[in-house]
Amino acid sequence: MTLVEDLHAALGAKGVLTGRDAAPYGEDWTGKYKTQPLAVARPASTEEVSQVMRIAARHGAAVVPLSGRTGLVGGGAAEGALVLSLERMNRVREIRPAARLAVVEAGVILSALHAATEPHGLTFPMTFGAKDSAMLGGLMSTNAGGSNVLRYGNTRALVLGIEVVLPDGRVLDAMSELHKDNSGYDLKDLFIGAEGTLGVITAAVVKLVELPAHRGTAFVGLDRLDAALDLLNRLQSVTGGAVEAFEYMPEGYMALHRKLFPEAQPPLADLHPVQILVEVGAATKDVPEKMTEVLAAMLEDGSLSDAAIAQNAAQRAAFWKVRESAAELAFHCRPFVDSDISVPVDKVAAFLEAYEARFPEIDPGAEALVVSHLGDGNIHHTIWPKRQDPEVLDALRALVEEIVGELRGSFSAEHGIGHSKQATMARRKDPVAVSVMRAIKSALDPDDRMNPGKVLPPL
Ligand SMILES: Cc1cc2nc3c(=O)[nH]c(=O)nc-3n(C[C@H](O)[C@H](O)[C@H](O)COP(=O)(O)OP(=O)(O)OC[C@H]3O[C@@H](n4cnc5c(N)ncnc54)[C@H](O)[C@@H]3O)c2cc1C
């Protein structure tokens, strides 16, 4: 029997797509990768995922696990591979308010988990622009971050346990509900962030937190980034650490947003060198009130130039829409060098200054778009070169990597390596770390069939 016939026998007609029906699964949100999968398997249970993996192993087929296809680094490119889509494993199996946890399948969409937990007064505290498409399996596989990392941490910090189907079809049941478990190596954290190169995540136990009953959301204009960090630290100290998001958009970002979305009402009338979208959340309303007091005092003493506080849910959503258009702004013009980097929080300005001072040596006409989860030091930095020469693109990428290295930052903060950052991985990752990763990969996937050609640089 062929691979597809075996899959049909195991999953039925609903569980297998081929040809034109499979084609959309070879593309992602970026539109940068257009691949043709051999077929798509759509298992509906862990047992079916295990069967698919055994069948793929028998046929020696490469397998690319896919969730919401919103990944930004080409991790889902699947030319000639079997795509294993988690989209039918979309049940929230259990919500346990007393333990503040939920048991979810990998195909649950992030905003669907928010909707399921809200009636309990709880939430899974992760959010970002792709929340209506990205799925828990993708979140875990990329160790996604988003806007609330400052307060709640990234995916690793929010997952208690996972279930993984290994390349040979065995099921690793690490569905721990425990906050303390030191029984050997932490396998959960190995599969989280592995981008599908070690196995297929099928389910997880995730942490929930109280849904803030009161929120304060403000759009603030300032002259300098150090004043923004002062604002952040003052807010943290008066609110007891209740700042959920602290997002930085410089003048160029706001100007491009106005150009591309002229119908959107700007949160502030004027453009400022620094715009911050800040949000606090708490059980009591004195916390947003304290935020307002700090903003008023800083406006009074001249440390802030302007501030607008969202007066209702619609205004809050409009503020967030400006920030969450970042990916559309970055992708509106090609080719580009896109970097997703992190530096210590107080070194964001140093990175930007070093880049501004050095890029003209390579391409003085290059333009850059910056947007940053400033509260955790993550900068999304997109460069549109003036000179359309692959060597210029490479040199600009190398410049960003170099400055990040000087500041002891990371060339990959939250989107992962996938396909697009492999060259950087080869150049910049500690060779000892890469060799340990290769040893793990070959122990779990000796035939290199799990999402081949991703994360680890080619030998
Ligand atoms: C508008 C927009 C905004 C974004 N903002 C952010 C942000 O703020 N922060 C952030 O971190 N990311 C952000 N992203 C990137 C992206 O949404 C995240 O990386 C997300 O976690 C990917 O989830 P997904 O379900 O779409 O995964 P996919 O794109 O389907 O897959 C991503 C990777 O994980 C692997 N994978 C998927 N499911 C599984 C599984 N079950 N088991 C094993 N491997 C699997 C895939 O092979 C691929 O390598 C944004 C993307 C967009 C389009």
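On a predicted model such as this, the values are computed, not experimentally measured, just so you know. When a ligand or atom number is given, it counts from 1 through the structure's own listing order.
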What residue and atom, counting heavy atoms only, is the protein's closest point to [atom], and at what distance?
atom	answer
atom 14 (N) of ligand 1	L72 CD1, 3.9 Å
atom 28 (P) of ligand 1	R69 N, 3.5 Å
atom 47 (O) of ligand 1	P65 O, 2.6 Å
atom 10 (C) of ligand 1	E414 CD, 3.5 Å
atom 45 (C) of ligand 1	S141 OG, 3.0 Å
atom 29 (O) of ligand 1	G71 N, 2.8 Å
atom 8 (O) of ligand 1	F128 CB, 3.2 Å
atom 1 (C) of ligand 1	A327 CB, 3.6 Å

Check: residues 61-77 side-chain donor-acceptor pairs under 3.5 Å, at least two apart:
| residue | atom | partner | partner atom | Å |
| --- | --- | --- | --- | --- |
| S67 | OG | G138 | N | 3.3 |
| R69 | NH1 | P24 | O | 2.6 |

Has [X] got any heavy atom lying under 4.0 angstrom from an atom of ligand 1?
X	result
H373	yes
K454	no
D28	no
G199	yes
G146	yes

Does an N or O from [X], backbone or side chain, lie closer than 3.5 Å to an N or O of ligand 1?
X	answer
M135	yes
S133	no
G145	yes
H380	no
T142	yes

Under a 4.0 angstrom heavy-atom cut-off, which atoms of ligand 1 come close to [X]?
X	value
A144	11 (O), 21 (O)
G196	43 (C), 44 (N)
H415	10 (C), 12 (N), 13 (C)
L139	21 (O), 23 (O)
G138	21 (O), 23 (O), 24 (P), 25 (O), 27 (O), 37 (C), 38 (N)
W29	53 (C)
L86	41 (N)

Please determine whether side chain to side chain contact (heavy atoms under 4.5 Å, CB included) holds for the pair V322 and M254, giving the CA-CA distance in whole Å, both sets of side-chain angles, and the decisive distance to 0.1 Å. CA-CA 8 Å; V322 176; M254 298 305 294; 3.9 Å; yes
When you look at E279 and M291, which way does the side chain to side chain contact (heavy atoms under 4.5 Å, CB included) test go after all the steps? CA-CA 9 Å; E279 185 155 278; M291 180 185 84; over 6 Å; no
Give me each pair satisfying side-chain hydrogen bond (donor to acceptor under 3.5 Å, both in side chains) with a member in residues 408-420, each pair once, sequence neighbours excluded. H373-E414, H380-E414
Between R88 and E105 (salt bridge meaning N to carboxylate O under 4.0 Å), is one present in this structure? no
Salt bridge check, K454 against E195: does any charged N sit closer than 4.0 Å to a carboxylate O? no
Mind listing the closest non-hydrogen atom pair of [X] and [Y] along with its distance?
X	Y	answer
H381	V370	CD2-CG2, 3.6 Å
M175	V103	CE-CG1, 3.7 Å
A10	I55	CB-CD1, 3.8 Å
V345	L374	CG1-O, 3.6 Å
L198	K441	CD2-CA, 3.9 Å

Could you verify whether a donor N or O on one side chain and an acceptor N or O on the other, from Y152 and E244, lie under 3.5 Å apart? yes
Separation of F128 CZ from L110 CG (nearest 0.5 Å): 5.5 Å
Should L136 and L139 be marked as a side chain to side chain contact (heavy atoms under 4.5 Å, CB included) after you check the CA-CA gap, both sets of side-chain angles, and the distance that decides it? CA-CA 5 Å; L136 267 291; L139 254 66; 4.2 Å; yes
Evaluation steps, side-chain hydrogen bond (donor to acceptor under 3.5 Å, both in side chains), between S111 and D132: CA-CA 5 Å; S111 61; D132 293 326; 2.8 Å; yes
Where's the contact between [X] and ligand 1, heavy-atom distance under 4.0 Å: side chain, backbone, both or neither?
X	result
S67	both
N451	side chain
I201	both

State, with a plain yes or no, whether a side-chain heavy atom of L444 is found less than 4.5 Å away from one of F191. yes
